[in-house]
Engineer: 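Input: one structure, supplied below.
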Amino acid sequence: MSDYPSLDASLKQLAAHDIVHDPSDFMDGVWQRAGQLGEVADRRRRAALFCSLFVIGLGAGFGTTIMPYNQGSPASSAYNDFASNEHLSPAALLHVGS
């Protein structure tokens, strides 16, 4: 006795029918769908790479902008000396006499 009588009945019903041939464009549809699934996977991969690069860039940007405000480090004093220098004005950079 079978554990799955409905499955056996379905298989017997399928065996009684003649074999139906697949339509001529069946395999074209299969390959088209496989291509669509590949495109979706590529799109997801690109989106994940973009998001990870964005987060890394954002973190690096925050790290470099916050770094000069650490008053105890020698790099912050060098940055403040450089940024407060009046030789960086547009007139000084263009060598325009005032």
Side-chain angles (χ1 to χ4, degrees):
M1 206 73 185
S2 174
D3 292 335
Y4 306 101
S6 62
L7 178 64
D8 290 338
S10 298
L11 289 175
K12 285 179 187 176
Q13 188 179 15
L14 283 173
H17 291 294
D18 291 335
I19 296 175
V20 178
H21 295 289
D22 294 333
S24 62
D25 61 345
F26 176 74
M27 287 307 292
D28 292 338
V30 169
W31 288 114
Q32 181 181 7
R33 183 65 180 145
Q36 289 171 347
L37 292 174
E39 288 174 3
V40 168
D42 287 342
R43 229 178 288 136
R44 285 182 184 158
R45 187 177 306 116
R46 276 180 275 163
L49 285 172
F50 172 76
C51 289
S52 62
L53 287 174
F54 179 76
V55 168
I56 290 169
L58 196 61
F62 279 133
T64 56
T65 56
I66 293 173
M67 198 164 98
Y69 296 110
N70 295 335
Q71 297 299 326
S73 68
S76 66
S77 62
Y79 175 79
N80 290 335
D81 291 341
F82 179 73
S84 66
N85 196 349
E86 293 180 3
H87 297 293
L88 296 177
S89 68
L93 291 174
L94 294 172
H95 304 292
V96 176
S98 48

Engineer: Are there over 12 heavy-atom neighbours, none belonging to Gln13, within less than 6.0 Å of that residue's CD?
Structural biologist: no
Engineer: Might you point out which heavy atoms bring Arg46 and Glu39 nearest each other, and give the distance in Å?
Structural biologist: NH2-O, 4.5 Å
Engineer: What's the spacing between Leu7 CG and Lys12 NZ if we round to 0.5 Å?
Structural biologist: 11.0 Å
Engineer: Can Phe26 be reached from Trp31 by stepping across I, L, V, M, F, W or Y side chains whose heavy atoms are under 4.5 Å apart?
Structural biologist: yes
Engineer: How long is the span from the SG atom in Cys51 to the CD1 atom in Ile56, to the nearest 0.5 Å?
Structural biologist: 11.5 Å
Engineer: For the CG atom of Leu49 and the CZ atom of Arg44, what is their distance to the nearest 0.5 Å?
Structural biologist: 14.5 Å
